[in-house]
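Worksheet: the structure to be examined is printed underneath.
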Amino acid sequence: MSEDTAADGDAATSEKLVELAKRRGYFFQSSGAYGGVGGFYTFGPQGASLKGNLEDAWRDRFAVAEGNMEIDAPTIMHEPVFEASGHLDGFDDMLIECPECGTSSRADHLVEDNTEYEDAESLPIPEVEEVIAEYELSCPECGAGLAGVAVEDFNLMFATNIGPGDAQPGYLRPETAQGIFVEFPRLKEYARNQLPFGVTQIGRAYRNEISPRRSIIRTREFTQAELEYFIDPETDDPDLESVADVEVSLYPASEQNAADGDEIETTIGDAVEEGIISSPWVAYFLGVAKPWYEAVGVDMDRFRFRQHLSGERAHYASDCWDAESEIDGNWIEMAGFAYRGDYDLSKHEEYSDDRFTIFKQYDEPKTVERATVDPDMSYLGPEFGGDAQAVVSELEDLAARDRSAFEGDSVEIDLEGETHEIPVEKTGFAVEEQTEAGEHITPHVVEPSFGVDRLVYTVLHHAYREDEVDGEERTYLDLEPEVAPTFVGVFPLQSDDELEAQANDIVADLRAEGLSVTYDDSGNIGRRYRRQDEVGTPFCVTVDYETIEEREAQRASDSASGDEPRADETTVTVRERDTTNQKRLPVDDLAETLAAIREGDLEFESL
RNA sequence: GCGCGGAUGGUCUAGUGGUAGGACCUGAGCCUUCCAAGCUCAUGGCCCGGGUUCAAAUCCCGGUCCGCGCACCA
């Protein structure tokens with residue numbers, strides 16, 4: 001057995017991996033029969049299983065173990081949701097294409113760079129076109145004039161129509177998060193109106209990328225696993241102690257900006273203490289994520305947390321860290337941990353008719369003096385007609401804002417630019433003592449957001465191994481048993497009815513135990529081992545003639561003694577993928593033993 | 001969206017203006033008492049659409065897709 005050579009960091013690993021993925025059924029481009037379409041991939045039998053296992057592992061850790069609830073929202077939502085979330089306006093770019101050299105530029109950037117306009121992105125397109133013509137702006141590449149060239153809006157959301165016609169536009173969600181935020185008013189009920197609570201969702205999201213790249217790393221349809229954790233920013237603290245000792249490799253903004261900056265090896269506890277990670281909540285989830293990534297098979301020597309630079313942070317995030325893995329010398333983003341504040345809930349509160357707050361009861365009710373109005377509608381109605389209700393609103397606002405306005409005989413209010421005088425006696429103005437049991441607060445959101453496809457890719461890439469067995473080259477995937485698509489292969493040593501029958505019995509036993517099993521009787525035994533190595537199956541069971549002989553001896557002795565049949569003591573060989581070591585194990589409790597190994601309760605070496 | 005380079009069985013690839021070979025894989029059989037062995041047989045292919053030509057997988061144009069660079073990544 002030669003030593004493993006971890007696949008080195010050149011592009012060749014990715015090339016070999018993509019080829020293996022296609023050939024063995026991990027993933028491949030969709031709709032190949034029709035020429036394919038960019039940015040869409042199908043997970044094959046192995047890939048779908050691996051992806052599902054990773055999602056299960058995520059669910060176990062981030063939903064079940066944390067006591068959070070999982071939902072499953074639609075992938076299409078109608079326009080108002082994205083008006084509120086900011087995706088409709090903020091998720092598009094103005095592109096202008098040079099007629100001479102073909103270079104596409106951001107029209108808003110051109111305007112900002114060459115005129116005194118500052119927020120060109122907020123200008124309507126015709127106006128941007130006018131500005132470009134007026135200032136005779138030119139192509140930054142070749143200098144050709146751009147006056148009169150059309151500016152195009154490119155929104156990264158996929159648009160569709162809900163129902164017939166185009167009366168109700170809808171969009172495929174660009175992130176799963178909005179599906180959680182819009183349901184907050186109901187979800188908070190399920191949490192019995194108590195903070196903190198978390199809601200998870202695993203599902204597809206869609207972005208009409210200009211240029212999908214690097215196989216499943218950047219696609220137009222992808223799977224996210226997101227947790228939105230709602231907290232009271234004043235009183236809720238994470239259980240930092242439970243992750244304080246987790247060792248992490250951090251790449252903070254300060255190091256990225258420094259000429260000789262480097263990753264910092266530290267612990268979550270120290271990083272918080274030293275202020276490297278400013279949000280304890282973000283720190284907590286980094287501390288949860290790191291051991292989880294390690295458990296599903298990400299190489300910790302090729303893993304780090306990188307802080308977003310101030311310029312790359314989304315508008316809603318006060319601090320953001322990415323989990324990154326190294327692939328062929330490049331760091332790719334696998335997850336983002338953002339402190340989103342109250343941005344999303346406030347926006348939906350503003351745009352919708354519902355309440356995106358939590359009522360927080362005081363320890364002791366508070367008594368406050370409050371100025372109120374109780375207008376005399378029999379006066380306001382005839383006086384103001386249809387505007388009466390607006391007058392009431394004005395009075396209410398005014399009372400809350402400036403009670404001294406009600407000190408005279410009459411009070412002045414503005415209504416659509418006109419000033420009206422209203423006798424104070426008709427307003428029902430009063431200063432009352434009121435008892436308040438609590439207040440409505442808008443929770444803050446901490447968002448760990450995982451890209452499942454990129455995790456699948458990373459796990460495969462980091463598991464890719466080439467070594468030599470008995471002078472023969474071998475390729476195998478060193479996948480964790482918990483996530484491997486197939487857990488065990490079962491083979492008859494060679495073509496033989498008896499061996500095959502026994503092997504089939506074992507397959508049935510193992511499947512009954514809930515293990516993912518494959519049966520293979522084609523080709524010599526070595527070939528079959530290599531097939532399973534290449535898809536990352538951790539164990540193989542082989543039935544040989546010893547198995548049959550032991551079984552026959554067993555039967556003979558049982559019938560000779562006249563006793564009840566004893567436990568079957570026949571054995572089979574079990575081979576481990578990484579070492580190719582073999583052990584003979586009893587058939588009788590094979591299912592139990594393998595299941596224990598899969599659960600991590602047993603080690604193959606200790607058998 | 002632009003530029004450069006690609007596209008031949010499931011995979012990897014050779015190839016020429018006269019419609020294609022190889023290797024691996026896969027399947028059947030033989031052999032075989034544990035690591036891609038050997039033998040026989042079999043399945044399966046020139047990305048799509050135009051053009052030039054007697055004839056195009058090959059040359060030209062357009063498209064699609066892939067890789068890389070630019071741009072983009074709320």
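Just the heavy atoms: all of them, side chains too, but no hydrogens, waters or symmetry mates, feed the values below. Just so it is clear: chains get the letters A, B, ... in the order the sequence lines come, proteins before strands, and each one is counted from 1.
Of the C1' atoms belonging to B:rU8 and B:rC66, the separation is 15 Å, rounded to the nearest Å. Going from the P atom of B:rC72 to that of B:rG49 covers 37 Å, rounded to whole Å. Separation of the C1' atoms belonging to B:rU16 and B:rA55 is 14 Å when rounded to the nearest angstrom. B:rA42 sits 26 Å from B:rC47 when the P atoms are compared, rounded to a whole Å. The same atom, C1', is picked in B:rA56 and in B:rG22; the two are 24 Å apart, to the nearest Å. Look at the P atom in both B:rG6 and B:rA74: the space between them is 34 Å, to the nearest Å. Rounded to the nearest Å, the gap between the C1' atom of B:rG10 and that of B:rG5 is 25 Å. The same atom, P, is picked in B:rG44 and in B:rG50; the two are 26 Å apart, to the nearest Å.
Paired runs in RNA chain B that reach 3 or more consecutive Watson-Crick or G-U pairs, where each pair keeps both distances under 3.5 Å, cover B:1-7 with B:64-70, B:10-13 with B:21-24, B:26-30 with B:38-42, B:47-51 with B:59-63.
Every residue meeting the ring pair (Phe, Tyr, Trp, His ring centres under 6.0 Å) condition with A:Phe604, not counting sequence neighbours, appears here in chain and number order: A:Phe539. Shown here are the side chain to side chain donor-acceptor pair (under 3.5 Å) partners of A:Gln582, two or more places apart in sequence or in another chain: A:Tyr529. By the side-chain contact (heavy atoms from CB on, under 4.5 Å) test, A:Glu183 pairs with A:Leu187, sequence neighbours left out. In this structure A:Asp322 satisfies the side-chain contact (heavy atoms from CB on, under 4.5 Å) test together with A:Arg306, A:His308, A:Cys320, A:Glu324, A:Glu333, sequence neighbours excluded. Residues meeting the side chain to side chain donor-acceptor pair (under 3.5 Å) test with A:Thr475, sequence neighbours left out: none. The side-chain contact (heavy atoms from CB on, under 4.5 Å) test applied to A:Ser495 returns A:Glu500, not counting sequence neighbours. Every residue two or more places apart in sequence or in another chain that forms a side chain to side chain donor-acceptor pair (under 3.5 Å) with A:Asp533 is listed here: A:Arg474, A:Arg575. In this structure, A:Asn330 has no side chain to side chain donor-acceptor pair (under 3.5 Å) partners at least two apart in sequence or on a different chain.
Comparing B:rU33, B:rC65, B:rC73 by their closest approach to the side chain of A:Leu493 singles out B:rU33. Taking only side-chain atoms of A:Arg207, from C-beta outward, the nucleotide of B:rA36, B:rA74, B:rC65 with the closest atom is B:rA74. In this structure, the nucleotide among B:rC65, B:rA74, B:rU32 sitting nearest to the side chain of A:Pro174 is B:rA74. Nearest nucleotide to the A:Tyr41 side chain, out of B:rC35, B:rG67, B:rC73: B:rG67. Distances from the side chain of A:Ser522 to the nucleotides B:rC73, B:rA28, B:rC35 place B:rA28 closest.
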Between A:Arg220 and A:Glu209, is the salt bridge (charged side-chain N to carboxylate O under 4.0 Å, His left out) condition met? List the steps.
CA-CA 6 Å; A:Arg220 291 188 166 122; A:Glu209 294 285 350; over 6 Å; no
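Evaluation of atom-type donor-acceptor distances gives a pair under 3.5 Å for the side chain of A:Gln582 against the base of B:rC34. A donor-acceptor contact under 3.5 Å links the side chain of A:Thr573 to the base of B:rC34. No N or O donor and acceptor, one from the side chain of A:Arg213 and one from the base of B:rC66, sit under 3.5 Å apart. Judged by distance alone with a 3.5 Å cut-off, a donor-acceptor contact links the side chain of A:Asp544 to the base of B:rC34.
A:Leu602 contributes atom CG, which lies 6.0 Å from atom CD1 of A:Ile597 (distance to the nearest 0.5 angstrom).
Taking only side-chain nitrogens and oxygens, A:Ser211 never comes nearer than 4.0 Å to OP1 or OP2 of B:rC73. Within the 4.0 Å cut-off from OP1 or OP2 of B:rC34, not a single side-chain nitrogen or oxygen of A:Arg528 is found. Between A:Asn524 and the phosphate of B:rU32, there is no side-chain N or O to OP1/OP2 separation shorter than 4.0 Å. The phosphate of B:rC25 (OP1 or OP2) has a side-chain N or O of A:Arg527 nearer than 4.0 angstrom. Contact between the side-chain N/O atoms of A:Gln494 and the OP1/OP2 oxygens of B:rU32 is not found at any separation under 4.0 Å.
If you take CG of A:Asp520 and P of B:rA28, they are 10 Å apart, rounded to a whole angstrom. The distance from atom CD of A:Glu333 to atom C1' of B:rC73 is 9 Å, rounded to the nearest whole Å. Atom-to-atom, CD of A:Glu534 to P of B:rU26 comes out at 9 Å; the value is rounded to the nearest Å. Protein atom CZ of A:Arg218 is 11 Å distant from nucleotide atom P of B:rG67, rounded to whole Å. Atom CG in A:Asp496 sits roughly 12 Å away from atom P in B:rC30 (whole-Å rounding). In this structure, A:Leu20 atom CG and B:rC25 atom C1' are separated by 12 Å, rounded to whole Å. Rounding to whole angstrom units, OH of residue A:Tyr171 and C1' of B:rA74 are separated by 15 Å. Atom CD of A:Gln178 and atom P of B:rA74 are 15 Å apart (whole Å).
Using a 4.0 Å heavy-atom cutoff across all strands shown, A:Glu546 reaches no nucleic acid atom at all. Counting non-hydrogen atoms under 4.0 angstrom, A:Gly39 reaches the backbone sugars and phosphates but no base.
A:Asp544 has a carboxylate O that lies under 4.0 Å from a charged side-chain N of A:Arg584, or vice versa, which qualifies the two as a salt bridge. At a threshold of 4.0 Å, the pair A:Arg555-A:Glu550 does not count as salt-bridged, since none of the basic side-chain nitrogens sits closer than that to a carboxylate oxygen.
Between A:Trp281 and A:Tyr229, the ring-plane angle classifies as tilted under the 30° and 60° cut-offs.
Along RNA chain B, the nucleotide closest to A:Gly36 and the one closest to A:Glu576 are compared, and the more 5′ of them pairs with A:Glu576.
Within the structure, salt bridge (charged side-chain N to carboxylate O under 4.0 Å, His left out) pairs that include any residue of residues 21-45 of chain A comprise A:Glu19-A:Arg23, A:Arg23-A:Glu534, A:Arg24-A:Glu534 (at least two apart or interchain).
Two rings, from A:Tyr293 and A:Phe303, have their centers less than 6.0 Å apart.
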Extract from the structure each pairing of a protein N or O with an N or O of nucleotides 40-48 of chain B at less than 3.5 Å, listing the distance.
none

Could I get a table of every N or O pair under 3.5 Å where one atom is in the protein and the other is in nucleotides 6-13 of chain B?
{"unit_1": "B:rU11", "atom_1": "O2'", "unit_2": "A:Glu19", "atom_2": "OE2", "d": "2.3"}

